[in-house]
Amino acid sequence: MFGFMKKSAANNSQQEEEQDRLAELSSKKIAELESKLAINPRDGETQKKLMLEYNRALTVFAKSRRYRNEIDPLFVKIDELRNVVRKSI
């Protein structure tokens with residue numbers, strides 16, 4: 001009768017693990033793009049990719065309990081990147 005509750009708990013655990021994995025991948029991609037941008041701050045293509053990844057990461061980080069505390073620093077990074085883009089235009 002209450003079998004649906006047990007399946008739901010196991011399913012939630014798998015979903016949380018998947019969200020954590022996606023958040024970790026996004027975090028690694030961000031670190032890679034940030035290091036690339038540090039080498040060449042005027043690289044417009046890297047700026048675009050990084051902004052897209054930041055926006056994707058907001059959604060993924062919000063769903064991940066481990067990365068949820070990274071959302072506020074991510075907004076700061078987005079603002080900094082916008083300032084870099086404005087200066088390079």
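When a residue number appears, it is its place in the shown sequence, counting from 1.
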At what distance, to the nearest 0.5 angstrom, does CG of L81 lie from CZ of R86?
-> 10.0 Å
Is it true that F75 and I30 fall in one hydrophobic cluster, defined by side-chain heavy atoms closer than 4.5 Å?
-> yes
State whether the number of non-hydrogen atoms from other residues, nucleotides or ligands found under 6.0 Å of R42 atom CZ is greater than 12.
-> no
Heavy atoms only: give me the nearest A23-F61 pair and the separation to one decimal.
-> O-CE1, 3.4 Å
Charged N to carboxylate O under 4.0 angstrom, K77 versus E80?
-> no
Who passes side chain to side chain contact (heavy atoms under 4.5 Å, CB included) against T46, sequence neighbours left out?
-> L33, K36, L37, D43
Hydrophobic cluster membership, I78 vs V84, 4.5 Å side-chain cutoff = no
Straight-line distance of L22 CG to E17 CD, nearest 0.5 Å = 12.0 Å
Which value, rounded to the nearest 0.5 Å, describes the distance between I71 atom CD1 and T59 atom OG1?
-> 9.0 Å
For D20 and E24, what are the C-alpha separation, side-chain angles and deciding distance, and is it a side-chain contact (heavy atoms from CB on, under 4.5 Å)?
-> CA-CA 6 Å; D20 288 344; E24 185 176 345; over 6 Å; no
So, the side chain of E53 versus the backbone of S27: is there a donor-acceptor pair under 3.5 Å, distance only?
-> no
Taken to the nearest 0.5 Å, the spacing of L50 CG from N55 CG works out to 10.0 Å
Nearest-0.5 Å distance, CG of residue D79 to OH of residue Y54 = 10.5 Å
So CD of Q19 and OH of Y67: to nearest 0.5 Å the spacing works out to 12.5 Å
